[in-house]
Amino acid sequence: MSGGTYANLGEALPDLSPAEKLSIYCWWLHLKLWRLPHYRSGHFQNDLIKNLRNVALPGTGLPLSVICWFWPVALLFVWFGIPLAAFGAAVIQWRRGGTTLADAFGAALLTDYPWFTFWRLNCAVAS
């Protein structure tokens, strides 16, 4: 993503739908905003820590704010945690039937819009 714009992402991955590109861009945007000034909390990282202290990964009790304490941990979560959570959701969907595991994973990772996707986007836009 040379230059870090949504347009650059579109050029790099022309076969993805706008929704899929938006999901990828939103993850990248959170990492880009990490140390930038934030109107409520000094910088975006602090705002994430405050906002995510009462939000947990389903079934774990682990507050998502723990992931936000260190940038390398957040980066690893974007690269591995989000896909792992999407894979778990895909397995559940696949076991219910009507889809392949690959299709369910692709949808869970890039195109399903649960509440947290819109919430994440709202965090980034507000910053």
**Q** Measure across H43 and H38 and return the closest heavy-atom pair with its distance rounded to 0.1 Å.
**A** C-CB, 3.4 Å
**Q** With the side chain counted from C-beta on, respond yes when K32 and W28 share a heavy-atom pair under 4.5 Å apart, and no when they do not.
**A** yes
**Q** Identify each donor-acceptor pair in which a side-chain atom of residues 87-98 lies under 3.5 Å from a protein atom, sequence neighbours left out, and give them as a table.
**A**
none

**Q** Could you tell me if D47 and S41 have a donor-acceptor pair between their side chains, going purely by distance under 3.5 Å?
**A** yes
**Q** Show me the donor-acceptor pairs within less than 3.5 Å that the side chains of residues 62-82 make with the rest of the protein, sequence neighbours left out.
**A**
from	atom 1	to	atom 2	distance (Å)
W71	NE1	L31	O	3.4

**Q** Return the CG to CG distance between N51 and N46, rounded to the nearest 0.5 Å.
**A** 11.0 Å
**Q** Are K21 and L110 side-chain neighbours, meaning at least one heavy-atom pair lies under 4.5 Å?
**A** no
**Q** Taking a hydrophobic cluster as the set of Ile, Leu, Val, Met, Phe, Trp and Tyr residues connected by side-chain heavy atoms closer than 4.5 Å, whether directly or through intermediates, do F105 and L13 fall within one such cluster?
**A** yes
**Q** Over all heavy atoms of both residues, which pair between L33 and F44 is shortest? Give the atoms and the distance, please.
**A** O-CB, 3.0 Å
